[in-house]
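Start at 1 and go down the list; that is how both ligands and their atoms are numbered. Heavy-atom basis, side chains included; hydrogens, waters and symmetry copies ignored. Keep in mind that what you see is a predicted model, and the values were worked out from it rather than measured. All residue numbers refer to positions in the sequence shown, counting from 1.
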Amino acid sequence: MVKIESISSHILRVPLEQDKVFYSSQAKFTERNSYLVRIETDTGLIGWGEGGQYGPAEPVAAIVDHVFAQKLLGRDPTQPVVIWEELYAFSRDFGQKGTYIEAISAIDIALWDISGQVAGLPVCKMLGGAFRGKVKAYATGCYYPEKFDDMSGVLEKLRKDVSGYRESGFDMLKVKIGLLDVHADAERLRVIREHVGPDVDIMVDANHAYSASTAIQMGRLMAPYNIRFFEEPVVPEDKEGYRRVRADNPVPVAGGETEFTRFGFHDFISGGCVDIVQPDLGVCGGFTAFTQILAIATVHGVLVVPHVWGSGIAVAAALQAIAIIPPTPHTANPIPLQNEPVVEFDRTHNSLRDDLLNEKFTLEDCYVRVPQTRGLGVTVNMDVLKRYEVKW
Ligand SMILES: [Mg+2]
């Protein structure tokens, strides 16, 4: 039997140069950071996982190193579901959402990576098989610049950003909204639609900046610009607000990047909150939770489009997960965004996404290939890891 021999946490941090700093409706981004876990077996196999995409990485590292590691050393890594249930049951009384689940997510991704390597299969085949070998990618960008109160500068930068995504090969964009008043943000969307023409899909993400009534107003203002989905209109706790926005605004509603486990997603999905649900592999509970969330979503006819905001390991995990999502509904000729999942490609500057792996994810005619080797199908460049790793 293969055994877990060592577990190590790695906190990576890349400060952004002044001209690469950007804003969402909630935060100024002056750096990118990732939490990675490395699990090694007594046979020399190495699995990688990533957890906790939004907050500081140190609490996730502390839970993995000081709470969970001692429970895992010497265990068989090829039973991630068993280990998931044990870790969750242990931390249920104090960790049903948040940092504990992010730690479980990282461990779960690494264990599935190892299990795939032991079996000689990619994670998607370990989970039942791939509906697709490549996934259509959308560019996440169009953030706000430092001087976001200068509207002519904002619009000029938007046109430049959008032209860059188009030249890189994307025909799907996600635009940040919610930092300015609804009329100014609607004007940003009008300008983008005018700039790209009718054939590019545009989605928006408010990062829960609005009350339900403001979100409904925004949805009505932007509907003429043919918006495919409206992400995180209201705060994640406000399920009644989600239902109101979904009922009274014409744009399909998406959300779920800050929801956790099958329990949280059951309430969110069966509560009628969204048309498109967006679990993040490093937050929701890894592949084990993802398969359960997928089952709940398919029962309710909700399309699953995983959220991705992290290093190359997070992108690799998302691609394996997206491969196993059945078309919703299952049709003879599935249409991207209508009944096919897509993958989020954050376009802000992040060396942890672009340089950390020995393998690169490239866009080929708007699509990214799902690695078909073993486990996650990627390896970490240790020189790059050491360059960005910080002590804690
Ligand atoms: Mg988002």
Side-chain angles (χ1 to χ4, degrees), residues 22-29 32-34 50-55 97-98 101-102 105 137-144 148 161 165 170 172-180 182 185 188-189 192 201-212 214-215 218-219 222 227-239 241-242 245-246 249 251-260 264-265 268-269 273-284 290 293 297 302-311 314-315 317-318 321-322 337 341-350 353:
F22 60 94
Y23 288 75
S24 73
S25 69
Q26 301 304 314
K28 176 180 183 179
F29 292 83
R32 298 301 299 267
N33 65 70
S34 285
E50 179 160 0
Q53 311 293 7
Y54 317 121
K97 293 180 188 248
I101 305 302
E102 293 169 346
S105 302
Y138 72 83
T140 294
C142 296
Y143 283 78
Y144 298 90
F148 51 78
D161 286 351
Y165 308 142
F170 290 97
M172 241 185 236
L173 317 169
K174 190 165 82 185
V175 178
K176 291 290 168 172
I177 60 171
L179 186 64
L180 304 177
V182 290
D185 270 338
R188 289 171 65 242
L189 294 167
I192 293 172
D201 279 304
I202 300 175
M203 296 87 88
V204 299
D205 184 358
N207 292 101
H208 53 73
Y210 301 132
S211 65
T214 308
M218 184 65 200
M222 66 189 174
I227 306 299
R228 293 302 297 256
F229 67 65
F230 186 177
E231 179 172 321
E232 282 206 302
V234 296
V235 293
E237 306 93 315
D238 184 9
K239 296 191 174 58
Y242 260 100
V245 175
R246 194 169 171 224
N249 113 87
V251 181
V253 173
E257 68 185 65
T258 56
E259 193 51 86
F260 300 84
F265 277 92
F268 193 60
I269 296 168
C273 296
V274 284
D275 301 282
I276 295 149
V277 72
Q278 301 172 297
D280 186 302
L281 271 288
V283 174
C284 73
F290 181 81
I293 295 160
V302 167
L303 181 61
V304 179
V305 175
H307 176 263
V308 190
W309 178 258
S311 79
V315 177
I322 291 169
L337 256 190
V342 287
V343 65
E344 175 166 13
F345 250 42
D346 159 34
R347 293 294 86 198
T348 59
H349 185 76
N350 187 359
R353 182 196 58 232

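Note on Glu257: its N/O/S atom closest to the Mg ion (ligand 1) is OE1. When the Mg ion (ligand 1) is compared with the N/O/S atoms of Glu231, atom OE2 turns out nearest. The atom of Asp205 that is an N, O or S and sits closest to the Mg ion (ligand 1) is OD2.
The aromatic rings of Phe22 and Phe29 sit parallel, their planes meeting at an angle under 30°, below the 60° perpendicular limit. A tilted orientation is assigned to the rings of Tyr54 and His307, their planes being inclined by 30° to 60°.
Between Asp346 and Arg32, at least one side-chain nitrogen of the basic residue sits less than 4.0 Å from a carboxylate oxygen of the acidic one, meeting the salt-bridge criterion.
Residue contact annotation: Glu232 places no N/O/S atom under 2.8 Å from the Mg ion (ligand 1).
Of the N and O atoms on the side chains of Tyr144 and Asp185, at least one donor lies less than 3.5 Å from an acceptor on the other residue.
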